[in-house]
Amino acid sequence: MNKDIVCIGAGYIGGPTMAVIAKMNPSRNVWVVDINAARIDAWNSENLPIYEPGLDEVVREVRGRNLFFSTDIEGCIRKCDVIFVGVNTPTKMFGRGAGRASDLQFWEATARNIAKWAESDKIVIEKSTLPVRTAAAMSAILNTHSSLKFTVLSNPEFLAEGTAIRDLLAPDRVLIGGPSDDAGAAAVRELVDIYAGEGDRWVPRERILTTNVWSAELTKLAANAMLAQRVSSVNALSQLCEATGANISEVARVMGADSRIGSKFLKAGPGFGGSCFKKDVLNLVYLCESFGLRDAAAYWNQVIAMNDSQQRRIVERLFHALFNTIANKKIAIFGFAFKADTGDTRETPSGAVVRMLHEEHARLAITDPKALNNAARDLADLDGIELVEDPYAAATEADAVIVMTDWKQYPGLDWKRIYDSMRKPALVFDTRNCLDAADLRKTGFNVLSIGR
Ligand code: NAD
Ligand code: UGA
């Protein structure tokens with residue numbers, strides 16, 4: 001009989017991942033549990049707690065059929081033999097490793113609950129991104145005081161927000177790290193079967209890659225660090241383009257045509273945001289430092305430093321373009337989400353820029369199609385920020401519009417209407433290079449973009 005599944009943690013990872021696992025494994029029951037009752041209520045409602053294209057449809061198909069959201073963590077640990085751990089692992093903000101190491105308290109609380117409530121052998125799967133060798137600690141907590149057998153696997157998730165459902169349905173690869181003993185091999189086979197899907201209709205088996213546990217844990221940090229590093233590299237080049245008259249879009253296009261380099265993740269912009277790149281690179285820095293690898297730590301740390309520089313530079317360039325004073329000027333911020341097609345605002349470049357402009361006493365109006373609730377929460381400590389659904393209202397009487405998120409509706413706005421409603425001279429700073437700069441100039445705008 002197929003083993004039932006529970007995921008502990010009903011966040012951006014737990015919800016979408018388990019919805020797709022349930023869809024592709026209709027004869028398994030899949031539970032998603034969380035200590036946050038409001039989040040579980042939202043998963044059980046028509047208003048899901050996260051915005052992700054295609055998610056509503058999948059949840060509608062499987063919820064109540066073989067996917068269930070619940071706060072009964074204890075009951076689900078008892079009845080399920082396969083337990084995913086998808087809790088948050090933010091950067092630790094106190095004590096040893098503050099500002100770099102992962103805060104492992106949520107993960108450890110989960111391991112202790114599993115040890116306390118389990119009544120049969122379990123496969124425990126790290127879905128959260130964790131420092132390399134966490135599985136050893138997990139196994140020690142689980143296996144010390146019990147006659148039960150807990151087999152710990154690492155199965156990091158590579159989906160990106162905004163394309164989560166597409167990434168889950170057709171992943172480049174699935175990674176499973178497991179121990180090489182008999183129990184480990186059996187647990188890996190069980191998880192491979194889940195990802196292959198019933199009737200082998202999901203991930204082609206040759207794309208399900210297996211490694212030892214430590215390699216799997218490290219690969220996740222490494223993959224995010226490499227992606228973040230590409231963004232920082234192209235942003236560093238964009239600064240040089242601005243100084244020399246080269247054009248970063250042209251440079252990136254031609255670099256990307258080299259199949260050894262590849263064309264993805266070469267888009268210059270306001271720097272990377274999102275909950276993971278910064279946290280995972282910092283975690284890698286901390287790991288390198290812990291093993292005495294100072295040069296490696298400094299190398300990865302520079303990826304973060306470059307990202308911060310890119311955001312400071314946006315404000316500096318705006319400052320100069322607005323005659324070196326921003327106080328009391330109205331600035332409209334188009335986009336608060338860290339990228340298009342998500343409402344997520346964790347580590348959003350827009351937030352960093354808004355805070356710098358607020359320090360300069362700008363009057364700020366923020367518009368975003370999906371992220372205004374999160375913006376209200378994130379910016380609750382700042383006074384005088386206007387949050388407006390309608391971009392035209394946000395821009396009215398503004399001195400500058402800054403496009404911070406690459407929402408696909410922004411290029412299609414009536415920019416002549418926006419120009420007419422603004423104070424002159426009117427400036428657009430397109431930090432995503434998604435607008436037609438020549439057209440905007442014809443309309444009368446002063447235009448700034450990145451790397452041009
Ligand atoms: P999240 O904050 O959205 O969700 C985590 C959930 O875990 C929260 O709802 C929280 O209430 C719950 N939780 C915490 N402690 C708990 C406990 N003891 N028992 C039950 N529930 C508990 O975080 P997320 O974005 O889903 O990320 C989770 C993990 O997945 C992180 O390690 C992250 O690095 C990794 N990851 C995230 C993404 C992404 O796109 N967001 C992609 C790949 C990997
Ligand atoms: C990223 C990875 O792409 C996923 O593989 C990984 O699973 C996930 O982190 C995670 O571990 O959380 P995500 O942060 O959701 O996914 O989104 P990305 O598409 O990677 O974008 C990250 C940031 O980089 C965004 O702010 C985006 O605008 C920026 N970016 C991306 C650029 O500035 N230029 C690019 O060329 C690509």
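Each ligand, and each atom within it, is numbered from 1 in the order the structure gives. What you are looking at is a predicted structure, and each value in this text was computed from that prediction instead of being measured.
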Specify the protein heavy atom at minimum distance from atom 34 (O) of ligand 1: its residue, its atom name, and the distance to 0.1 Å. Lys279 NZ, 2.6 Å

Which of the ligand 2 atoms, numbered from 1, are nearer than 4.0 Å to a heavy atom of Lys220: 6 (C), 7 (O), 10 (C), 11 (O)

Run the numbers for me: atoms of ligand 1, each under 4.0 Å from some heavy atom of Leu159, listed by number. 40 (O), 42 (C)

Closest approach of any protein heavy atom to atom 3 (O) of ligand 2, naming residue and atom: Leu227 CD1, 3.8 Å

Could you tell me whether the side chains of Thr345 and Asp378 share a donor-acceptor contact shorter than 3.5 Å? yes

Criterion side chain to side chain donor-acceptor pair (under 3.5 Å) on Ser232 and Asn307, from CA distance to verdict: CA-CA 6 Å; Ser232 276; Asn307 205 51; 4.6 Å; no

Return yes or no for this condition: an N or O of Asp34 is under 3.5 Å from an N or O of ligand 1. yes

Of Ile35, Ile73, Thr129, the one whose closest heavy atom lies nearest atom 35 (C) of ligand 1 is Thr129

What about Arg39: any of its N or O atoms under 3.5 Å from an N or O on ligand 1? yes

Please classify the Ser128 to ligand 1 contact at 4.0 Å (heavy-atom distances, strictly less than): side chain, backbone, both or neither. both

Just to confirm my output: which protein heavy-atom neighbour is closest to atom 24 (O) of ligand 2, and how far is it? Phe272 CB, 3.3 Å

Looking at Asn373, I want to see if its CG is surrounded by more than 12 non-hydrogen atoms of other residues, nucleotides or ligands under 6.0 Å. no

Quick one: nearest non-hydrogen protein atom to atom 13 (N) of ligand 1, plus distance? Val87 CG1, 3.7 Å

Consider ligand 2: state whether an atom of it lies below 4.0 angstrom from any non-hydrogen atom of Gly273. yes

Is a donor from one side chain sitting under 3.5 angstrom from an acceptor on the other, for Thr163 and Glu52? no

Determine whether the side chains of Gln310 and Gln239 contain a donor N or O and an acceptor N or O closer than 3.5 Å. yes

Measure the OG-CG distance between Ser102 and Asn283 for me, rounded to the nearest 0.5 Å. 3.5 Å

Closest candidate by heavy atom, reference atom 17 (O) of ligand 2, pool Lys279, Lys339, Glu161: Lys339

Please state which protein non-hydrogen atom is closest to atom 14 (C) of ligand 1 and give its distance, to 0.1 Å? Asn88 OD1, 3.2 Å

Under 4.0 Å, heavy atoms only, figure out whether ligand 2 is touched by the backbone of Leu266, its side chain, both or neither. backbone

In terms of relative ring orientation, are Trp407 and Tyr51 parallel, tilted or perpendicular, with 30° and 60° separating the classes? tilted

Just need the protein heavy atom nearest to atom 9 (O) of ligand 2, so name the residue and atom and give the distance. Phe277 CE1, 3.5 Å

Proximal ligand 1 atoms for Gly86, defined as those under 4.0 Å from one of its heavy atoms: 5 (C), 28 (C)

Under 3.5 Å side-chain donor-acceptor pair for Ser249 and Arg452: yes

Which atoms of ligand 1 are found less than 4.0 Å from any heavy atom of Thr110? 17 (C), 18 (N)

Could you go through the salt bridge (Lys or Arg N to Asp or Glu O under 4.0 Å) check for Glu242 and Arg317 one step at a time? CA-CA 11 Å; Glu242 286 157 17; Arg317 291 179 66 207; 3.1 Å; yes

Any chance CZ of Phe291 has more than 12 other-residue heavy atoms, nucleotides or ligands included, within less than 6.0 Å? no

Check whether more than 12 heavy atoms from other residues, nucleotides or ligands sit under 6.0 Å from atom CZ of Arg166, and answer yes or no. no

Considering both backbone and side-chain atoms of Arg432, is one of its nitrogen or oxygen atoms within less than 3.5 Å of a nitrogen or oxygen in ligand 2? yes

Of the choices Phe265, Phe158, Tyr12, which has the non-hydrogen atom that lies closest to atom 20 (O) of ligand 2? Phe265

Looking at CG of Leu284 and CE of Met226, how far apart are the two atoms once the value is rounded to the nearest 0.5 Å? 11.0 Å

Could you tell me whether some N/O pair between Asn36 and ligand 1 is separated by less than 3.5 angstrom? no

Taking the six-membered ring of Trp202 as reference, does the NZ or CZ atom of Lys23 fall below 6.0 Å from its centre and within a 45° cone about the axis? no

Any heavy-atom pair between the side chains of Cys434 and Val403 that's under 4.5 Å? yes

Residues, nucleotides or ligands: over 12 heavy atoms within 6.0 Å of Glu389 CD: no

Short N or O distance, Ala160 and ligand 2, threshold 3.5 Å exclusive: no

Starting from atom 14 (O) of ligand 2, find the nearest protein heavy-atom neighbour and note its residue, name and distance. Phe338 CE1, 3.6 Å

Could you check whether any heavy atom of Cys276 sits closer than 4.0 Å to an atom of ligand 2, since that is the contact criterion I want to use? yes

May I ask you to establish whether Arg63 and Phe69 are in a cation-pi arrangement, using a distance under 6.0 Å from NZ or CZ to the six-membered ring centre and at most 45° from the ring axis? no

Below 4.0 Å, non-hydrogen atoms only: which portion of Ile8 touches ligand 1? Side chain, backbone, both or neither. side chain

Check this for me - ligand 1, Thr89, N or O atoms closer than 3.5 angstrom, yes or no? yes

Establish, for the pair Lys127 and Phe84, whether the NZ or CZ atom is under 6.0 angstrom from the six-membered ring centre and no further than 45 degrees off its axis. no

Nearest option to atom 36 (O) of ligand 2, as decided by whichever heavy atom of Lys264, Lys267, Arg230 sits closest: Lys267

Give me the nearest non-hydrogen protein atom to atom 39 (C) of ligand 1 as residue plus atom name, then the distance to 0.1 Å. Glu161 OE2, 3.5 Å

Using the side-chain contact (heavy atoms from CB on, under 4.5 Å) rule, pick out the option among Ile314, Asp406, Ile450 that qualifies with Pro270. Ile314

Contact (N/O only, under 3.5 Å) between Ile13 and ligand 1: yes

Sub-4.0 Å atoms of ligand 1 with respect to non-hydrogen atoms of Glu157: 43 (C), 44 (C)

Val231 touching ligand 2 at heavy-atom level, < 4.0 angstrom: yes

Using a plain distance cutoff, I'd like to know if Gly269 has any nitrogen or oxygen under 3.5 Å from a nitrogen or oxygen of ligand 2. no

Write out the residue and atom name of the closest protein heavy atom to atom 8 (C) of ligand 2, then the distance separating them to 0.1 Å. Leu159 O, 3.5 Å

Which residue in the set Asp280, Leu130, Thr134 passes side-chain contact (heavy atoms from CB on, under 4.5 Å) when paired with Thr89? Leu130

For ligand 1, indicate whether the residue Arg346 contacts it via side chain, backbone, both or neither (heavy-atom separation under 4.0 Å). side chain

Please could you name the atoms of ligand 1 that Lys220 approaches to less than 4.0 Å, counting only its heavy atoms? 43 (C)

Note: heavy atom closest to atom 15 (N) of ligand 1, options Trp107, Tyr12, Phe277, Phe106, belongs to Phe106

If only side-chain N and O atoms count, and only distance matters, is there a donor-acceptor pair under 3.5 Å linking Lys149 with Thr151? no

